[in-house]
Amino acid sequence: QLQLVESGGGLVQAGETLRLSCAASGDIFILFLIGWFRQAPGNEQEFVAAVSRSGRNTNYADAVKGRFTISRDNAKNTVYLQMNSLKPEDTRVYYCAANRGYGDEVVQREYDYWGQGTQVTVSS
């Protein structure tokens, strides 16, 4: 079973940057596609970004394209989400998730394991 632990969230001002990390343990990391999702209180989780097992392929939600970058270091069993030019509407709890299958990477139910989440708050 894969365990995921996010870190790096915090409170920043609009226009600033944060880098989230997702550290994995307990299984063979390279077997998993990794995605980031986010959720505001009372709302459903929404897809943010995903990175393929090799790290060569990425996918982004339109809302973050050009501002966020997802990457992975398989030697360190870690995935990163670099968030630049943050906006107040990026304020969410951010979750990383692992998908062992080959389903649609933007679909929450395709993921098998989830971290506990990290809060990102962007003030205006």
Side-chain angles (χ1 to χ4, degrees):
Q1 189 169 3
L2 193 70
Q3 289 83 43
L4 301 170
V5 178
E6 302 97 334
S7 61
L11 171 62
V12 297
Q13 293 188 334
E16 293 185 340
T17 66
L18 279 174
R19 188 175 80 155
L20 304 183
S21 298
C22 172
S25 63
D27 204 333
I28 303 172
F29 184 61
I30 202 168
L31 293 179
F32 295 87
L33 176 149
I34 303 294
W36 285 95
F37 289 75
R38 63 185 186 181
Q39 186 174 26
N43 290 357
E44 293 186 354
Q45 286 184 331
E46 58 180 354
F47 171 77
V48 176
V51 60
S52 65
R53 290 161 176 82
S54 67
R56 287 194 291 268
N57 299 108
T58 58
N59 187 18
Y60 298 94
D62 287 343
V64 306
K65 201 171 293 183
R67 299 188 298 123
F68 290 12
T69 302
I70 188 171
S71 62
R72 68 190 291 164
D73 185 338
N74 286 335
K76 296 183 178 179
N77 288 359
T78 302
V79 171
Y80 305 99
L81 186 68
Q82 178 69 39
M83 304 187 296
N84 299 333
S85 303
L86 282 162
K87 304 175 181 180
E89 51 264 43
D90 293 319
T91 295
R92 302 278 196 280
V93 177
Y94 284 71
Y95 299 89
C96 68
N99 178 354
R100 190 159 187 161
Y102 292 86
D104 190 340
E105 61 195 12
V106 308
V107 176
Q108 176 192 1
R109 65 177 180 271
E110 295 290 344
Y111 288 78
D112 304 292
Y113 302 105
W114 292 81
Q116 82 290 347
T118 186
Q119 176 70 47
V120 171
T121 303
V122 185
S123 64
S124 57

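Source: prediction; values computed, not measured.
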Which pairs of donor and acceptor atoms, one on a side chain in residues 103-110, lie under 3.5 Å apart (sequence neighbours left out)?
| from | atom 1 | to | atom 2 | distance (Å) |
| --- | --- | --- | --- | --- |
| Asp104 | OD1 | Val106 | N | 3.1 |
| Glu105 | OE2 | Asn59 | ND2 | 3.0 |
| Gln108 | NE2 | Gln45 | OE1 | 2.8 |

Return the set of residues passing side-chain hydrogen bond (donor to acceptor under 3.5 Å, both in side chains) with Arg72 (not counting sequence neighbours), or none when no residue passes. Asn74
By side chain to side chain contact (heavy atoms under 4.5 Å, CB included) - contacts of Thr58 (at least two apart): Val51, Tyr60, Ile70
Side-chain (Asp90) to main-chain (Lys87) donor-acceptor, under 3.5 angstrom: yes
Can you measure from OH (Tyr94) to OG (Ser7) and round to the nearest 0.5 angstrom? 15.0 Å
Just jot down the side-chain hydrogen bond (donor to acceptor under 3.5 Å, both in side chains) partners of Arg53, sequence neighbours excluded, or say none. none
Considering only residues two or more places apart or on different chains, which pairs with a residue in residues 31-76 satisfy disulfide bond (SG atoms under 2.5 Å apart)? none
Donor-acceptor pair, side chain of Thr78 and main chain of Lys76, under 3.5 angstrom: yes
According to a 4.5 Å side-chain heavy-atom criterion applied to Ile, Leu, Val, Met, Phe, Trp and Tyr, with indirect links allowed, do Val64 and Val79 form part of one hydrophobic cluster? yes
Is there a side-chain contact between Ile34 and Asn99 (heavy atoms, below 4.5 Å)? no
Considering only distance and modelled atom types, tabulate donor-acceptor pairs under 3.5 Å from the side chains of residues 14-33, sequence neighbours left out.
| from | atom 1 | to | atom 2 | distance (Å) |
| --- | --- | --- | --- | --- |
| Glu16 | OE1 | Gln13 | N | 3.0 |
| Asp27 | OD2 | Arg100 | NH1 | 3.1 |

Sorted by chain and residue number, the side chain to side chain contact (heavy atoms under 4.5 Å, CB included) partners of Ser54 (sequence neighbours excluded) come out as Ser52, Arg56
With Phe47 via ring-ring contact (aromatic ring centres under 6.0 Å, His included) - residues at least two apart: Phe37
Side chains of Tyr95 and Val48 in contact at under 4.5 Å (non-hydrogen atoms): no
Under the 3.5 angstrom rule, does the side chain of Arg38 hit a backbone N or O of Glu46 as a donor-acceptor pair? no
What pairs meet the disulfide bond (SG atoms under 2.5 Å apart) rule with one or both residues in residues 28-92, with sequence neighbours excluded? none
Could you tell me which residues satisfy side-chain hydrogen bond (donor to acceptor under 3.5 Å, both in side chains) with Asp62, sequence neighbours excluded, listed by chain and number? Lys65
Kindly list each side-chain donor-acceptor pair under 3.5 angstrom involving residues 113-121, sequence neighbours excluded, with atom names and distances?
| from | atom 1 | to | atom 2 | distance (Å) |
| --- | --- | --- | --- | --- |
| Gln116 | NE2 | Glu6 | O | 3.3 |
| Gln116 | NE2 | Glu6 | OE1 | 3.4 |
| Thr118 | OG1 | Gly9 | N | 3.2 |
| Gln119 | NE2 | Arg92 | O | 3.4 |
| Gln119 | NE2 | Thr121 | OG1 | 3.3 |

In this structure, would Leu4 and Trp36 fall into the same cluster of hydrophobic residues linked by side-chain contacts under 4.5 Å? yes
side-chain hydrogen bond (donor to acceptor under 3.5 Å, both in side chains) involving Gln82 - partner list, sequence neighbours excluded: Asn84
